[in-house]
Amino acid sequence: MRDAGNSKDDPRDTGKDTAPGTPSPTDFIRAIINEHMKTGKYEGRVNTRFPPEPNGYLHIGHAKSICLNFGVAADYNGICNLRFDDTNPSKEDQEYIDSIIEDVHWLGFDWDDRMYFASDYFEKLYEFAEQLIRKGTAYVCDLSAEETRAYRGTLTEPGKESPYRNRSVEENLDLFRRMRAGEFPDGARVLRARIDMASPNLNMRDPIIYRILRSTHHRTGDDWCLYPMYDYAHPVSDSLERITHSICTLEFEDHRPLYDWFLEQLDIYRSQQIEFARLNLSYTMMSKRRLLELVQLGIVSGWDDPRMPTIAGLRRRGYTPEAIRKFCDRIGIAKNDSMVDMDLLEHHIREDLNERSPRVMAVLRPLMVTIENYPEGKTDEFEIPFHPGNPGMGSRKVPFTRTLYIEQDDFQENPQDKFFRLAPGREVRLRGAYFITCTGVGKDVKTGEITSLKCTYDPATRGGDSPDGRKVKGTLHWVSAAHAIPAEVRLYDRLFSVENIGAEAERTGKDYKDFLNPASLVIVTGSMVEPSLKGASPEDRYQFERQGYFCLDSKDSTGHALVFNRTVTLRDSWAKIEKASVSPGKAPGGKARDKKPQAAEKAAPEKLPEIAIDDFARLDLRVGVVREAGLVEGSDKLVHLRVDVGEGRLRQIFAGIRAMYPDPAKLIGKKVVVVANLKPRAMKFGTSEGMILAGGHADSWSICTFEGDPEPGDKVS
RNA sequence: UGGGAUGUCGUCUAAUGGCAGGACACGAGAUUUUGGAUCUCGUUAUGGUGGUUCGAAUCCACCCGUCCCAGCCA
């Protein structure tokens, strides 16, 4: 079932989704290649390469580069090599090589027999280095790391030449050979290119070519105690592979003169480096160093944690390679620093999964329903199609009995405005089964919590349609209690609660980890899924009707303990209505994405950043009349208020004002200022639907009140 | 403040001297046995100031903003 169906034809598709030889609309890189095709610069040849360093798992940013490199090659009937840039054994590992191979393949790309390693070229790289020495354009330098830094100068001042810069060719050769032979300790000497210590480009100030580093290499073992630097190894590797277009990210722009310098000095094949802007995605980050840290600190379960932006994480989360490829295609290639909206990635996975996922019913948080007029012991079976728009996907039988589960959220005892679902006396449809009407509510005598529902069904509505043409506004998913399979469901959400983690960290002086989304994973146990899911295999993808796309977890799910991961929610216009007219600005998006309650700012008032008048104007301040007020059990700070803000219903507000109002009953009847468009906040004790304003000193303050005229709901200005 | 890049709807990206287009997001409506999907419609942009030109997002000048570079990392 998984991976069934094809993606729709889209002229923008590249790579595997497009026949070779039909270039996509020209991004600037393809424009350059088109020009080369015209002028014959590379004899019509295109050979790119994807050059990861095996020091971490691949992420969605790498996917952009992979799609670009393999896509460009495919567009021009060229080839793309996979090459591991493994010149720093102290950070690299075989595990990463294996994962990279798996991930690139999974994305749908292949390199035939062209899997290379920079370490394959160590001997040649060494010989070329001797050649540079013989030419007099490289020398052995004995400066320490600190001295080298001091000699380099600064951004605005030129560097100083190393005292070792003018050693003879013979001495340099001798020293370099002895470096290779292991005669000197780590860091004692380096080989440097002899270029220009006064260059405004720091990369040209006699850059280091080789350093002594005793570290066992994952491929060459202890053969070498000398490892080449990226700036040297990369152009030479490209050249040896006769790469035509060496595509890399923007930060290497400054390195291009050096790249060209090596190829020219060595007089070898002239590959051309072209730089494009790396991918940044909102609400996540691509830094391998930080991603590694999340893994090492146990903040996530591993590189393949479904919250990680890694290919492995996305795969485990339920993403498809097609969706990722299409996303990469859609974001385009340019040189502007940019931050792509996570919504766009989610759009593509929804689009793909919408087409290919079978629909099933799963009740995440069950509420028991007894159909009182349905015979005990009877079982009905409904044949329900797997896909409403694609009969070809077939159908399954779903059992129906007197005792069912529906979603807790699908019932409200006192339904709020625009709530279409079940409520006392109200009739709704059970998907594919019958209309039912709620006739009773069972509650826990102590807590008042709703524990079960009594309903009746209309036998004439079998299949979900009424012969008399009567309509219902809501359709609910359900499972038969006797047949349902228990499951654990992991609700994943974005890893961070701010769009631009780096910028936010810089602005506030906090660590990026301070912006982790506390609700990035919500584990729901005791969910009930329909029996057809019994045979699900790891990574099988489904739509749980009305909730989202889910896949069976590839690691933790077993035959008798099913674990599902939520890939992405369905678009949810009900969630929008629920939070409508609240949260100013852009909410972190989607369902159940409440921000962590904001801690009170302790900073002195003059230190708070200024806001524009427009920001202030976004506060909807209203007059509210306190109708009910009481203490909150289990909290020594909060007071529970029910406030009339002229909406025809009372708002529940939890306010931290108990210190000044130990007897909240005195507040009843007071006119207060309510921030009416604050996003409702889920608290331990319930949802708080606003704030009331207060003012004063640290231990002497009061809430703002009005006397006299204003009516509940009046605007405060 | 040296050097290298880069500024087009809220976001990403086209237009290469000739109608500022697309996608996402957002909004309105239709439809619906998923508050899904689908369909229709809509709002929103060339950083600024001058100049060249019949005509400028595009060419020129100046200004402003943003990003990258001082690893023996890649």
Side-chain angles (χ1 to χ4, degrees), chain A residues 12 25-27 31 51-53 55 85-88 90-91 141 143-145 148-150 152-159 186-192 199-205 207-213 227 229-231 233-234 248-257 275 277 279 282 288-289 330-348 350-351 354-355 359 361 384 387-389 418-421 429-433 461 463-465 472-477 499 543-548 569-578 586 589:
Chain A
R12 286 197 56 111
T26 45
D27 51 70
E53 184 192 8
N55 68 343
D85 223 334
D86 55 348
T87 56
N88 184 0
S90 65
K91 291 185 175 175
C141 179
L143 254 25
S144 70
T148 305
R149 193 181 317 126
R152 187 153 33 227
T154 68
L155 293 177
T156 51
E157 303 153 34
D186 285 12
R189 291 185 221 262
V190 294
L191 183 71
R192 291 230 250 168
S199 171
N201 180 346
L202 266 16
N203 297 115
M204 300 300 273
R205 319 240 262 229
I208 292 167
I209 301 176
Y210 269 97
R211 77 283 212 187
I212 302 173
L213 180 64
Y227 291 96
M229 300 290 287
Y230 166 87
D231 278 325
H234 206 86
C248 63
T249 45
L250 247 28
E251 67 270 26
F252 293 102
E253 227 153 10
D254 284 347
H255 298 240
R256 184 165 10 107
E275 312 85 12
L279 171 66
S282 59
K288 270 204 227 174
R289 202 196 92 238
R330 183 57 70 184
I331 57 178
I333 301 295
K335 297 190 72 158
N336 309 334
D337 281 302
S338 59
M339 167 82 68
V340 175
D341 211 320
M342 180 65 92
D343 287 340
L344 188 60
L345 215 211
E346 294 188 345
H347 162 78
H348 281 94
R350 284 195 185 103
E351 182 180 69
N354 174 47
E355 257 180 63
R359 273 59 170 168
M361 294 194 285
I384 304 179
H387 197 293
K418 291 185 184 154
F419 184 79
F420 299 165
R421 287 112 92 151
R429 170 167 41 236
L430 292 182
R431 179 91 219 247
T461 58
D465 265 321
V472 288
K473 286 195 107 172
T475 299
L476 312 187
H477 58 277
E499 268 190 55
Q543 184 196 101
F544 287 180
E545 288 216 36
R546 307 209 299 134
Q547 310 199 82
T569 60
L570 252 29
R571 283 186 64 228
D572 188 349
S573 48
W574 168 241
K576 264 184 218 167
I577 294 168
E578 263 190 314
K586 197 170 175 186

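Just so we're on the same page: letters track the sequence lines, and every chain starts at 1. Note: hydrogens, waters and symmetry copies are ignored here, and every other heavy atom, side chains too, is used.
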With distance as the sole criterion, is a donor-acceptor pair present between the side chains of A:R359 and A:H387 under 3.5 Å?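 Present: a donor and an acceptor within the cut-off.
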Are A:N336 and A:S338 linked by a side-chain donor-acceptor pair shorter than 3.5 Å?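 Short answer, no.
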Phosphate-side-chain proximity, [X] and [N], N/O vs OP1/OP2 below 4.0 Å:
X: A:R571; N: B:G35; value: no
X: A:R205; N: B:C69; value: no
X: A:R152; N: B:C72; value: yes
X: A:K576; N: B:G27; value: yes
X: A:S199; N: B:G3; value: no
X: A:R350; N: B:U34; value: no
X: A:S573; N: B:G36; value: yes

Round to a whole Å and report the spacing from [atom1] of [X] to [atom2] of [N].
X: A:R189; N: B:C72; atom1: CZ; atom2: P; result: 18 Å
X: A:L345; N: B:U11; atom1: CG; atom2: C1'; result: 13 Å
X: A:R421; N: B:G36; atom1: CZ; atom2: P; result: 11 Å
X: A:D341; N: B:G22; atom1: CG; atom2: P; result: 19 Å
X: A:E346; N: B:G36; atom1: CD; atom2: P; result: 16 Å
X: A:R429; N: B:U34; atom1: CZ; atom2: P; result: 7 Å
X: A:L344; N: B:C12; atom1: CG; atom2: P; result: 11 Å
X: A:D27; N: B:U16; atom1: CG; atom2: P; result: 15 Å

Report which part of the nucleic acid [X] touches: base, sugar-phosphate, or nothing (heavy-atom distance under 4.0 Å, all strands).
X: A:S144; result: base
X: A:L213; result: nothing
X: A:K473; result: nothing
X: A:A145; result: base
X: A:G432; result: base
X: A:P388; result: base
X: A:Q543; result: base
X: A:Y210; result: nothing
X: A:F544; result: nothing
X: A:L143; result: base
X: A:H255; result: base

Applying a 3.5 Å limit to both distances, which nucleotide forms a Watson-Crick or G-U wobble pair with [N]?
N: B:A30; result: B:U38
N: B:U46; result: none
N: B:A20; result: none
N: B:A57; result: none
N: B:C73; result: none
N: B:A5; result: B:U66
N: B:A14; result: none

Heavy-atom distance under 4.5 Å between the side chains of A:R152 and A:R149, does that happen here?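 Yes, close enough: below the 4.5 Å cut-off.
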With heavy-atom distances below 4.5 Å as the criterion, would you say the side chains of A:V190 and A:I212 are in contact?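 No - every pair of side-chain heavy atoms lies 4.5 Å or more apart.
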Are A:W574 and A:F419, when compared by the centres of their aromatic rings, separated by less than 6.0 Å?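 Yes, the ring centres sit under 6.0 Å apart.
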Of the options [options], whose atoms approach the side-chain atoms of [X] most closely?
X: A:V190; options: B:G22, B:C72, B:G3; value: B:C72
X: A:L155; options: B:A37, B:C12, B:C69; value: B:C69
X: A:M339; options: B:U34, B:U1, B:C12; value: B:C12
X: A:R149; options: B:G71, B:G35, B:G2; value: B:G71
X: A:L570; options: B:U13, B:A25, B:G36; value: B:G36
X: A:Y230; options: B:C12, B:G2, B:A74; value: B:A74
X: A:S338; options: B:U13, B:U34, B:G2; value: B:U13
X: A:A334; options: B:C24, B:A14, B:G71; value: B:A14
X: A:D254; options: B:A25, B:A15, B:G3; value: B:G3
X: A:R211; options: B:A70, B:C73, B:C24; value: B:C73

Taking syn as any angle within 90 degrees of 0 and anti as the rest, which one fits B:G71?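 Base orientation relative to the sugar is syn.
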If you measure from the [atom1] atom in [N] to the same atom in [M], how many Å do you get, rounded?
N: B:A25; M: B:U38; atom1: P; result: 10 Å
N: B:C62; M: B:G27; atom1: C1'; result: 41 Å
N: B:C9; M: B:G22; atom1: C1'; result: 12 Å

Where each residue is assigned the nucleotide of RNA chain B containing its nearest heavy atom, which of A:E157 and A:R359 is assigned the position nearer the 5′ end?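 Between the two, 5'-proximity favours A:E157.
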5' precedence on RNA chain B between A:P51 and A:W574 (nearest-nucleotide basis):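 That would be A:W574.
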Minimum heavy-atom separation for [X] to [Y], with atom names?
X: A:H234; Y: A:P51; answer: CE1-CB, 3.6 Å
X: A:D231; Y: A:H255; answer: OD1-ND1, 2.7 Å
X: A:R192; Y: A:R205; answer: NH1-O, 3.6 Å
X: A:K288; Y: A:N55; answer: NZ-OD1, 2.6 Å

Taking only nitrogen or oxygen atoms into account, show me every contact under 3.5 Å that the protein makes with nucleotides 5-9 of chain B, one pair per line with its distance.
from : atom 1 : to     : atom 2 : distance (Å)
B:A5 : O2'    : A:E253 : OE1    : 3.3
B:U6 : O3'    : A:N336 : OD1    : 2.5
B:U6 : O2'    : A:N336 : OD1    : 3.3
B:G7 : OP1    : A:N336 : OD1    : 3.1
B:G7 : O5'    : A:N336 : OD1    : 3.0

Between A:E578 and A:K418, is there a salt bridge with N-O shorter than 4.0 Å?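 The answer is no: the pair does not qualify as a salt bridge.
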Ignoring hydrogens and angles, are the base of B:U34 and the side chain of A:Q547 linked by a donor-acceptor pair under 3.5 Å?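 No.
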